[in-house]
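Take a look at the structure below.
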Amino acid sequence: MTKQVKQLDRVIIRFAGDSGDGMQLTGARFTAETAAFGNDLSTLPNFPAEIRAPAGTLPGVSSFQVHFADFDILTPGDAPDVLVAMNPAALRANVSDLRPGATIIVDTHDFTKRNLARAGYDANPLEDGSLEDFGVHEVDLTSMTVEAVKEFGLTRKDAARAKNMFALGLLSWMYGRPTEPTVEFLQTRFASAPALRDANIAAFRAGWNFGETTEAFAIRYEVKPAPMPTGRYRNITGNLALAYGIVAAGNLTGLDVFLGAYPITPASDVLHELSKHKRFGVTTFQAEDEIAGIGAALGASFGGALGVTTTSGPGLSLKMETLGLGVMLELPLLVCDIQRGGPSTGLPTKTEQADLLQAMFGRNGEAPVPVVAPRSPADCFDAVLEATRIAITYRTPVVFLSDGYLANGSEPWRLPELSDLAPIDPAFATGPNHTADDGAEQFLPYLRDPDTLARPWAIPGTAGLEHRIGGIEKRDVTGDISYDPANHDLMVRTRQAKVDAVAKSIPPLEVDDPDGDAKVLVLGWGSTYGPIGAGVRRVRAEGVPIAQAHLRHLNPFPSDLGDVLQRYDRVLVPEMNLGQLAMLLRAKYLVDIVGYNKVRGLPFQAAELADVIRGLAEEVYS
Amino acid sequence: MTKQVKQLDRVIIRFAGDSGDGMQLTGARFTAETAAFGNDLSTLPNFPAEIRAPAGTLPGVSSFQVHFADFDILTPGDAPDVLVAMNPAALRANVSDLRPGATIIVDTHDFTKRNLARAGYDANPLEDGSLEDFGVHEVDLTSMTVEAVKEFGLTRKDAARAKNMFALGLLSWMYGRPTEPTVEFLQTRFASAPALRDANIAAFRAGWNFGETTEAFAIRYEVKPAPMPTGRYRNITGNLALAYGIVAAGNLTGLDVFLGAYPITPASDVLHELSKHKRFGVTTFQAEDEIAGIGAALGASFGGALGVTTTSGPGLSLKMETLGLGVMLELPLLVCDIQRGGPSTGLPTKTEQADLLQAMFGRNGEAPVPVVAPRSPADCFDAVLEATRIAITYRTPVVFLSDGYLANGSEPWRLPELSDLAPIDPAFATGPNHTADDGAEQFLPYLRDPDTLARPWAIPGTAGLEHRIGGIEKRDVTGDISYDPANHDLMVRTRQAKVDAVAKSIPPLEVDDPDGDAKVLVLGWGSTYGPIGAGVRRVRAEGVPIAQAHLRHLNPFPSDLGDVLQRYDRVLVPEMNLGQLAMLLRAKYLVDIVGYNKVRGLPFQAAELADVIRGLAEEVYS
Amino acid sequence: MTTSLPDPTLRQDGLHGVPAADGPADRKAYKSDQEVRWCPGCGDYAILAAVQGFMPDLGLRRENIVFVSGIGCAARFPYYLDTFGLHSIHGRAPAIATGLAVTRPDLSVWVVTGDGDALSIGGNHLIHALRRNLNITILLFNNRIYGLTKGQYSPTSEIGKVTKSTPMGSIDNPFDPVSLALGAEATFVARTIDSDRKHLTGVLKAAAAHRGASLVEIYQNCPIFNDDAFVAFKDRDTAESALIPLEHGEPVRFGSEGEYAVIREPSSGTFFAVEAADVDESQIHVHDAHLRDPSAAFGLSKLTDHGQMHRAPIGIFRQVEHPTYDDQAREQITEARAKQGDPDLEALLSGKDSWVVA
Amino acid sequence: MTTSLPDPTLRQDGLHGVPAADGPADRKAYKSDQEVRWCPGCGDYAILAAVQGFMPDLGLRRENIVFVSGIGCAARFPYYLDTFGLHSIHGRAPAIATGLAVTRPDLSVWVVTGDGDALSIGGNHLIHALRRNLNITILLFNNRIYGLTKGQYSPTSEIGKVTKSTPMGSIDNPFDPVSLALGAEATFVARTIDSDRKHLTGVLKAAAAHRGASLVEIYQNCPIFNDDAFVAFKDRDTAESALIPLEHGEPVRFGSEGEYAVIREPSSGTFFAVEAADVDESQIHVHDAHLRDPSAAFGLSKLTDHGQMHRAPIGIFRQVEHPTYDDQAREQITEARAKQGDPDLEALLSGKDSWVVA
Ligand SMILES: Cc1ncc(C[n+]2csc(CCOP(=O)(O)OP(=O)(O)O)c2C)c(N)n1
Ligand SMILES: Cc1ncc(C[n+]2csc(CCOP(=O)(O)OP(=O)(O)O)c2C)c(N)n1
Ligand code: SF4
Ligand code: SF4
Ligand SMILES: [Mg+2]
Ligand SMILES: [Mg+2]
């Protein structure tokens, strides 16, 4: 039968099921097809904190949301247009997020008394009319899948397992996604298990055909490719972009990379990924704890490698004493914190921005470090290169602040031309750097570059540069132990001045103020970039002028930030914390920042921010 | 011969010698005599970081300064009037601090070529006229001591050792100090070694008689007792007052005290002192590291004891993760940080105020804790009782911020009437705190007191109150694990609100503005109280109206702080850091605080602050 | 292998001082209201069942029992027992338990920890708790993997283990928790396995009965991330010839018909597993868990192979009396009071050098 | 007890890969310009002299030697040697050395640490460095006290020790660093003493020659805070009957005329010191440091008494070959390159699923 085709500019689909149902894989595949098709897209996975909560229960629900469009989009979307629910729990956990009139595709197979109860339903939602605002498609995905793959002689369990591919096939049909990539993927993925391979491919095709043939689905949707700058693209998550950025940093500095890390959600994947790239001269060391992880990285830096450590909030707390040593030693070091919900163990799998002040101040004494934050998944690549530039140029530890949303979210990434990436020169000291009055050639480990205030990086193995350094206060220039009061005051100020001096190398803040007539500035940092941008867009679309700027450098701030803030009547700073950046801005610039703060473990929604911005704009412009 | 007696209102004496010369003891004894005599006083010991640097070298010099007067004084004084130097290094290390015309008493015995060289003197300062601005008394203290004690048949080494008592005797004579206390002290101290006892007493008497008889000393000085409020007094250091405060806290709460600590300068003495007071129900646990120290203390708190941990900056960094757990568990816990020079190992034996922001923000996530700081050595007693009140009443960890200057400095302390100390009720939960709709009696571990927002403290052993808590986000009221976004936002805000609520229990800020006409306010926190007060006095003495206020509560601030700041044209905040309190004030109140910052590892000097205050006043009043 | 515990009100053992329950309790009383959330087939279920099963036998008041854990799948344990519980942070449970045990002689304090929690981040607290002989019972759930973080190798994983963080295989020697504990002066060291409820229960009861730090390594299967770790011990055919049960005072024999035995090679002093038939009965090593010298116990721990496991001794390796840290800490307080008399705060504060201003 | 080291360019030992010096150096070359700042009579002076003394014999380039230390009196050591040095933070030296050793095969990496630094706050890093068999040489200066912080008891202090923090005496069992290291799978474990320059030098050279983690416990006197800790070993009359020298392949005899010997009691397997005269030569234990099984070495470590010491074995307890963590980490990189070919960053970034927008 021929089907009606409807044009859409954007669609938000959420796949939801039990942890065991392979929803992350399904979402990833749909995303890959969508990317290949050429839409712009943004994704948001959401998994339970438990390894595997009991099947069919709410805590066991895992979901993956993908937002794709024929224009450039900034977020995974607020309210899904389509929900694929593989069991009652998946339905119950997600239905309240849907927009009115949304489409729901449910696998009815598990809607048994028992499973409804496990999900906390007293009545069957498919029957009690509670879903009447939605377009519900009841399909026994499981049985159809089992039927479709019976020829391959799998156990019933394995056969049923392929239902996620059936669902993927159906959705691929609905939105005219290309199918080859997925077929190829399944071929390689299950190369070693032919039966599984064929079953999954068959299920996938069966799902497609089901859409094609059944009456139930009368409409297909078309979302045209989005116009994008020319170039080669790939879809990438924040953690992957971070890992690749670290590999690239080794390449651009010409240094071996040493990662010292202790596993912790949501940072572990960076360790996993980097452990695969040994041939790039990347060594990964799974340490006994976070302290050993940063300690080993610092030792590697002392030896002339690019020392890196990756962790999340609780781990960062443990690294603080050693980070302070790094500040004293003035050695390059990358400390990457993939922020999660806190305090303490908090919400390990949820996102948050509440480690900014810890990164700034979490050490004893005056121990300043530069802080850099990426704004989107793909931006993790560029941001970590910037962090590396600062660390190497200024001989200092740098804290890189990503978060769970960036880490696991994905977006299309336009691949950089390697030739466009600026090399970073470690400029090791190779000989004496001073001639004494008596004409003797000397090496002075704390004699600084007058411009950057950086000290020489003299690595073991360099004849004549033997020297000893440590965590006790050091005499200016010589680096010898010094208890002299004036010297201490000087060194404390010099370490601060060195970090402040980084600002000289930071470009002016980019302010997006289309007509230059906005009186309200929305300023953010980190992963709020997408939601803020989307919110700003909506309000602008209503004809209200709004300026937007986003900070990559949290310490030091760009030199012109103060002037920028002065230019606007009101400055709104949305943060997924209780106002940490706002506090730093208020203290430094004495500007009465308006904070909008939510600490829900979830990214902001565009609509929510649009309301806040609109509200503020009304005050200002009325 | 009869000697002329000269009246003085105040004198600053510094005893300086090699680490082995017993200068700390000498100073302590002179202080005890002075206290007994009834002067007001303030002391400042200063020891080398090395255990025992080579004898006769500058790094080996140890000194003790005592300032006493016939009026109430606030600091150990800026420039000594008298220096007692037991060797060339002691002279060289201290002479530059003296006021012009100061008196120097040198033990000439060690002024040999070799010892002059070790101290870095090319020429003998006693001969090259470099000391002409001073009144120098050259005395071979060592030989006279050896002579004085020869009858007791000590080795020459032991005999010479008594020279510090000879010096003490001489100074005691010069300033008319009572001698009995010291004689008694020596009798008990050396009870087990009669020869040493007699020798030291003899040396002490010999020193006194030498002053009495020799022509060299023509003048005796008299410093009348200072008028002080009636009561019983003792001289006390900050660390001792802190230890006693903790013992008293156990007494006032009726709880056993458990101290989990790992030794670290300058906090170790608190562990040492508390380990002596087991009979007060104080258990001290020398842990394997700082993390175990706070962990054990937190475990003890869970069990219903008063959990305490003591440390210094680097140790506080290590405790942060566990402190965050304490914030989640909402249990009482005292975390005492005796700040020292940082960052990293920094200047272990020097003082600093640079851990304030670490205390405020050094944990992952939003993890607020109240912060309290003492203002003087004796005030450590009251301040830790206040910290205990907050910790117990609000079920929260509290950070107590002392520093090296308070820890080792001393002053007379008017002993409190025990009956005046308010009891602190731990108010353990004893039964269910909620009746369910079905009438069932329940215990809800996170059901809060509406006023304080404190949760119940239900300790093991209480039948029916069995419950489980941990570091994962908890559901409001029940304390069960919860990953619910709205609940997380609520709990984050509630923990913050609870700490903010402490402000309701804090008295209004005391502002000392004698005629209420000052336009300049000098605001401080912690150990700067003395120097600031002394500086303010000097400027007021010149007829310039200056207001002074000092913060005991750094988090939350007293509720009226904002209004106070508004009342003054200019607010000066002197800090021994780069402006940490200033930053908090600017951020919260948007007031353009004027910071005065020195990070020299030494307390401010009254004269220095007077200049700064005067300078600012001139701007404002002109 | 089952130890019956004397009436808690009388006994001088590990539970001395912990108030006895008024009446018998049943296992249900120890089940909390929380839904258990481990993966299907996780060995943790069996251990939970065993613990809930024998808790009533201890005859203690439930409110005087505290389970302290760190972080990990294993560390979720306390939520499922209706006693007091503290799910703390990664690796710190022994430290936290220290403050609790020292200040509360009336509590039975248990620590539940995983191989990563106990031996990786928490290694230092563990060896110090053992060294001090703190009166606590430590259950080390050893699944030879990081479960909660989804399958990285742990300090007990075999060399060459391929995991997410070691695609080319791990290169660290694993710890043997028993050897490590003996090297750290532990007074009670045992090993058992999730799949043998009777053995598990017997060892845990003996551990509870020991006054001092008891370390019990429990081989625990993680079907999701390390399913084959203990196959040799689970599989009916191989289990009996793979597990070497140590019984105090008994010759060490194993195998379905006791066809294997353990002997000590005289010159090197090394223990070997042999065919019982090949040696004289007199050569078979007789296990003595009560030896002061831990060397024999240490030697036996070296019979454990650390690759894909096919052989390991289980049972109590060492069990010796030694004063506990917490008992002595409390005795010092008693002694101080006896010596120095009742505390007098006023006298303390005024000290020796006070003076009066009238 | 002295080990002569082969030409560094040829050897396959612990120093393999570290460039050889062009010519002979003398000890002065190893003295830094920093004034040594320990108390008069501190055992650290003797150790420093010994190290400065034999460093030239290693025949290495000075710039390829790195000393990493933690915090404590002992930890000041690196300042006094004119090599590269890192005086880090308390307890973390082994962790820091790990990153250095793994990334720089051309360096000779030494860790200097105290009993508090290594066994208290740093215990976990120490046992993990040993377990991994990192190619570093660890000098543990054991003065059985916290020196730098002015005399609190340490994890090696005897029970009952009265210190500033334990006025009524300490109540913790001390660790035996040798037992602990063996429990942690260490491949080279030795003990020596500051007062015997020859023995000290010999053991340290052997440690440097070992490829893998070498732990050398050095009894070090702290005259200021723990002066009597090792009296029995210093005092001429008692020393020879107090120290039990272990020599690989030799029967264990001691005493000025070798009048004492060590035997292993057959049934328990425990080692005892006896009058040589009372036993048959054949009963005397012959030391084998190369046994794979560490049990005998562990047993010998238990001859150490941990009270006021009057008996302790010194020498090399264990020395066995085992692949090192750092060598293997580097081999994996080489292997990866061989297998997967030269790195291609562009290919890595674009991955398998990239597409082109024209
Ligand atoms: C400070 C800190 N670091 C890391 C983590 C992440 N983490 C949680 S559990 C765990 C290891 C779990 O392994 P194990 O202790 O063996 O317990 P299992 O899950 O296997 O039972 C890690 C690395 C954390 N929660 N906190
Ligand atoms: C994080 C931290 N905690 C505590 C200290 C204080 N501290 C310095 S050295 C030391 C112990 C020294 O003992 P040991 O390691 O035996 O060395 P020794 O001085 O005896 O040579 C301590 C507790 C510190 N510097 N840093
Ligand atoms: S991951 Fe492994 S250890 Fe954790 S719950 Fe699942 S099966 Fe058990
Ligand atoms: S305190 Fe002891 S260990 Fe430290 S330098 Fe002095 S003598 Fe040596
Ligand atoms: Mg595990
Ligand atoms: Mg020591």
Side-chain angles (χ1 to χ4, degrees), chain B residues 32 35-36 38 181 228-235 244 247-248 251 256 258 260 277-283 285 287-289 291-293 295-305 307 321-322 324-325 329 414-416 418 460-472 480-481, chain C residues 19 32 34 61-69 71 75 78-79 81-104 106-107 124-125 127-128 329-330 332-333 335-337 339-343 345-346 348-351 353-358:
Chain B
M228 295 200 195
T230 61
R232 175 170 291 280
Y233 285 77
R234 65 166 292 164
N235 190 53
Y244 285 177
V247 173
N251 179 291
D256 284 340
F258 178 92
H277 305 302
K278 299 187 164 50
R279 64 185 173 144
F280 287 87
V282 176
T283 303
F285 167 61
E288 57 270 27
D289 65 11
I291 301 175
L298 185 58
S301 290
F302 181 72
E321 189 206 7
T322 309
L325 175 63
L329 298 183
R414 185 161 170 282
L415 297 167
L418 293 191
T462 322
L465 305 196
E466 297 82 3
H467 65 283
R468 278 77 37 198
I469 56 178
I472 298 181
D480 292 339
I481 288 180
Chain C
S32 79
Q34 298 296 304
R61 289 178 182 260
R62 218 166 12 100
E63 65 269 23
N64 289 76
I65 300 171
V66 184
F67 277 78
V68 181
S69 65
I71 296 284
Y79 288 117
L81 280 174
D82 196 5
T83 63
F84 277 86
L86 186 40
H87 177 222
S88 73
I89 47 178
H90 200 27
R92 316 302 173 187
I96 290 170
T98 300
L100 193 57
V102 170
T103 50
R104 294 292 305 269
D106 61 328
L107 301 181
N124 205 35
H125 305 305
I127 59 178
H128 281 270
R330 290 182 293 259
Q332 286 195 335
I333 289 183
E335 193 185 324
R337 284 177 173 155
K339 281 221 189 86
Q340 309 160 11
D342 285 344
L345 187 54
E346 192 144 13
L348 176 72
L349 299 189
S350 50
D353 281 335
S354 69
W355 68 94
V356 174
V357 174

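Because the structure is predicted, anything quoted here is derived from the model rather than measured. In the text below, chain A, chain B and the rest are named by the order of the sequence lines, each starting its count at 1.
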Between [X] and [Y] (side chain of the first, backbone of the second, donor and acceptor by atom type, cut-off under 3.5 Å), is there such a pair?
X        : Y        : value
C:Arg104 : B:Gly303 : yes
B:Arg468 : C:Leu81  : yes
B:Arg279 : C:Asp342 : yes

Indicate the atoms forming the closest heavy-atom contact of B:Leu415 with C:Ser350, along with that distance.
-> CD1-CB, 3.3 Å
Closest heavy-atom contact between C:Tyr79 and B:Ile469?
-> OH-C, 4.4 Å
Is there a side-chain contact between B:Glu466 and C:Ile65, using heavy atoms and a 4.5 Å cut-off?
-> no
Side chain, backbone, both or neither: which part of [X] has a non-hydrogen atom closer than 4.5 Å to chain C?
X        : answer
B:Ala248 : both
B:Thr322 : both
B:Pro460 : both

When rounded to the nearest 0.5 Å, the distance separating CG of B:Leu325 from CZ of C:Arg92 is 11.0 Å
Go through C:Val102 and B:Phe285 one step at a time and tell me if the side-chain contact (heavy atoms from CB on, under 4.5 Å) criterion holds.
-> CA-CA 9 Å; C:Val102 170; B:Phe285 167 61; 5.8 Å; no
Which atoms of C:Thr83 come close to chain B, meaning under 4.5 Å heavy atom to heavy atom: side chain ones, backbone ones, both, or neither?
-> backbone
